[in-house]
Amino acid sequence: MASLQESLSKFKKQQEKCQSTLTSIAAKAESSRARSKSMSTITSASAIAKSPPTPVKFSNDTERLQHINSIRKAPVGAQMKRVIDLLFEKRQALTPEQINEACYVDMIANKAVFDSLRNNPKVRYDGNRLSYKSKHDLKDKSQLLVLIRKFPEGIAVIDLKDSYPTVLDDLQALRASGQIWLLSNYDSQEDVAYPNDPRAVIKVDDDLKQLFRGIELPRDMLDMERDLQKNGMKPATDTARRRAMADLHGVPPKPKTKKKKNEISKRTKLTNSHLPELFKHLNVPGS
């Protein structure tokens, strides 16, 4: 019995010793973890301190607001041009609010811009909306042709340019179809549109007729083209190029046709036969 009691006593002592060892190991492990966590925190803090600060970037909305602000601080003339360009492009009547939304010109807040646009000859204002006002109110090619035919003496193309977006293309189409002429004014170097209408009555001064008939034209087209170029006009033909192409392809030049003399034959019906002296100089075969 005494030996059993002694054995139990030893066992208890061993358990207490093991428990003490485990507690010591756990305390050391906890201390090591705390130290490691502290070092990690210090390291990350050091890295943050060393990294450069991220540059501040403006958002797209900020850039847009800056753009709008620069437009509204621009001179009155610059804001007017922006609105007139918009009206020319859209070809629609727009309210001040729609204009502000489209090109950022606030005419409600800027009375000087509004008053200048309302009185501008290129702007039509109906009391609520603004629209582009061209010199001639045209919509298409047929109206363009009708207008040109009202000006037998010609109408400047510069006065037609802003009528509608495709007016220049329509002018070229009318010229190609032979319905109008497009000629350059020698003084202003501007194109002028003339109607090619046989019904049009064109009055020409007698002095101009005599001047025209008194000018002897060159017989060679090359000389004709050179004279046109000297006077600032562009020839419609290119004889030098045409002849060079003909020589290259071996095409012989066309022979000049001789005009037939008006001869009187026995079959010719003569009027005024009661005046034979009128026909003495005529050579009638077989007479």
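- A chain of hydrophobic side-chain contacts below 4.5 Å, direct or via other Ile, Leu, Val, Met, Phe, Trp or Tyr residues, connects Val167 to Leu147.
- A distance of 11.0 Å separates CG of Leu144 from CZ of Arg149, quoted to the nearest 0.5 Å.
- Looking only at distances, a side-chain donor or acceptor of Tyr164 sits under 3.5 Å from a matching main-chain atom of Asp140.
- The existence of a salt bridge linking Lys111 and Asp115 is confirmed by a sub-4.0 Å separation between a basic side-chain nitrogen and an acidic carboxylate oxygen.
- Counting heavy atoms from C-beta outward, Ile68 and Asp106 have side chains that stay 4.5 Å or more apart.
- Here Gln79 contributes atom CD and Ile71 contributes atom CD1; the two are 8.5 Å apart, rounded to the nearest 0.5 Å.
- The local environment of NZ in Lys135 is sparse, with at most 12 non-hydrogen atoms from other residues, nucleotides or ligands closer than 6.0 Å.
- Classification of Asp238 and Arg242 as a salt-bridged pair fails, no side-chain N sitting under 4.0 Å from a carboxylate O.
- A donor-acceptor pair under 3.5 Å links the side-chain atoms of Arg91 to the main chain of Phe88, judged by distance alone.
- When all heavy atoms of Pro195 and Phe151 are compared, the closest pair comes out as CD-O, 3.3 Å.
- Side-chain atoms of Gln229 and Arg226 form no donor-acceptor pair, as typed in the model, at a separation below 3.5 Å.
- Note that the CG atom of Asn128 and the CG atom of Leu94 stand 11.0 Å from one another [nearest 0.5 Å].
- In terms of modelled atom types and a separation under 3.5 Å, the side chain of Thr166 and the main chain of Asp169 share no donor-acceptor contact.
- Among all heavy-atom pairs drawn from Val76 and Ser116, the shortest one is CG1-OG, 4.0 Å.
- Two residues are said to be in side-chain contact when any heavy atoms from C-beta on lie closer than 4.5 Å; Asp162 and Tyr132 meet this criterion.
- Side-chain N or O atoms of Asp126 include one that pairs as donor or acceptor with a backbone N or O of Arg129 at under 3.5 Å.
- Between the Asp191 side chain and the Leu182 main chain, no donor and acceptor come within less than 3.5 Å of each other.
- One N or O on the side chain of Asp220 and one on the backbone of Leu222 form a donor-acceptor pair closer than 3.5 Å.
- Both Leu168 and Ile180 are members of a single hydrophobic cluster when ILVMFWY side chains are connected at heavy-atom separations under 4.5 Å.
- Rounding to the nearest 0.5 Å places CE of Met80 at 11.0 Å from CE of Met107.
- Closest approach of Cys103 and Val83 over heavy atoms only: SG-CG2, 4.2 Å.
- Without hydrogens or angle criteria, Gln143 side chain to Lys139 main chain gives a donor-acceptor distance under 3.5 Å.
- Side chain of Asn231 to backbone of Met233: no donor-acceptor contact under 3.5 angstrom is found.
- Residues Leu174 and Val157 share a single hydrophobic cluster, defined by chaining ILVMFWY side chains whose heavy atoms lie under 4.5 Å apart.
- Going from atom NZ of Lys141 over to atom OG of Ser177 covers 6.5 Å, rounded to the nearest 0.5 Å.
- Residues Glu225 and Thr239 approach most closely at OE2-OG1, 2.5 Å, considering heavy atoms.
- Residue Leu130 comes nearest to Ile99 through the heavy atom pair CD1-CD1, 4.1 Å, listed as atom of the first residue, atom of the second, then distance.
- For Leu117 against Val123, the heavy-atom pair with the smallest separation is O-CB, 3.3 Å.
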Residue pair Asn100, Arg72: steps toward the side-chain contact (heavy atoms from CB on, under 4.5 Å) verdict = CA-CA 10 Å; Asn100 184 21; Arg72 291 177 179 172; 2.8 Å; yes

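- Rounding to the nearest 0.5 Å places CZ of Arg82 at 9.0 Å from CG of Leu86.
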task = Show the numbers, then the answer: is there a side-chain contact (heavy atoms from CB on, under 4.5 Å) between Leu171 and Ile148?
result = CA-CA 10 Å; Leu171 281 170; Ile148 294 174; 3.8 Å; yes

